[in-house]
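Since the structure comes first, as structure tokens, the remarks are kept for the end.
Remember, it's a predicted structure, so these values are computed and weren't measured experimentally.
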Amino acid sequence: MEENDFVSIWLEETGNPAIEELARANVEIADKTAKTLADKGLTKNDLSVVVDINPLEIERWLEGRHTFSINVLKEISAKLSD
């Protein structure tokens, strides 16, 4: 980054709205997924088995520490809507 890079300076001072929106959407998805699991009487481990993903990765998603990919969202949605 150049010292006088206007865009970098602006992002540093104001934040990045696109990243903030993505983070907000990810937390919303995680909350809805956790609620759906609870409504269906399922655990994080149950979800990890259904979508064949490591339980620690599921935990990261549901805690908002890792973003969902569109493919995983589709798979989770399909499996939980059964």
Side-chain angles (χ1 to χ4, degrees):
M1 171 179 81
E2 291 185 25
E3 197 169 306
N4 294 322
D5 179 3
F6 173 77
V7 173
S8 295
I9 293 168
W10 181 81
L11 287 174
E12 188 174 304
E13 290 175 356
T14 63
N16 184 329
I19 291 174
E20 291 170 15
E21 175 63 18
L22 179 61
R24 185 204 58 75
N26 196 64
V27 168
E28 185 177 305
I29 291 166
D31 289 346
K32 286 181 180 180
T33 302
K35 182 180 180 335
T36 301
L37 289 174
D39 291 349
K40 292 183 174 275
L42 300 171
T43 67
K44 296 175 209 176
N45 285 337
D46 294 329
L47 179 59
S48 73
V49 169
V50 168
V51 294
D52 192 28
I53 294 177
N54 184 313
L56 293 175
E57 185 69 11
I58 300 291
E59 191 167 327
R60 286 184 203 107
W61 289 334
L62 297 179
E63 291 175 354
R65 294 185 292 134
H66 193 266
T67 58
F68 294 88
S69 73
I70 192 68
N71 290 336
V72 168
L73 287 174
K74 287 178 183 179
E75 185 174 1
I76 289 172
S77 178
K79 299 290 182 174
L80 291 181
S81 64
D82 292 340

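The backbone N or O of Ala23 lies less than 3.5 Å from no partner atom in the side chain of Asn26, so there is not a single donor-acceptor pair. Within the 3.5 Å criterion, the main-chain N or O of Leu80 finds a donor-acceptor partner in the side chain of Lys40.
What you find for Ser48 and Asn54 is that their closest heavy atoms are CB-C, 4.2 Å. The two residues Leu37 and Leu62 come nearest to each other via the heavy atoms CD1-CD1, 4.0 Å. Nearest heavy atom pair, residue Trp61 against residue Ile53, reads CH2-CD1, 3.3 Å. Closest of all the heavy-atom pairs between Ala78 and Ser81 is O-OG, 3.1 Å. Annotation for Leu42 and Asp46: closest pair CA-OD2, 3.4 Å, computed over non-hydrogen atoms. Nearest heavy atom pair, residue Lys79 against residue Val50, reads CB-CG1, 3.2 Å.
No donor-acceptor contact under 3.5 angstrom links the side chains of Thr36 and Asp39, judged on distance only.
The line from CG of Leu47 to CD of Glu75 is 9.0 Å long, rounded to the nearest 0.5 Å.
If you chain together hydrophobic residues whose side chains sit under 4.5 Å apart, Leu73 and Val51 fall into the same group.
When each of Arg60, Arg65, His66 is paired with Glu63, the side-chain hydrogen bond (donor to acceptor under 3.5 Å, both in side chains) condition holds for Arg65 and for no other.
We find that Lys35 and Asp31 are not joined by a salt bridge, their nearest charged nitrogen and carboxylate oxygen being 4.0 Å or further apart.
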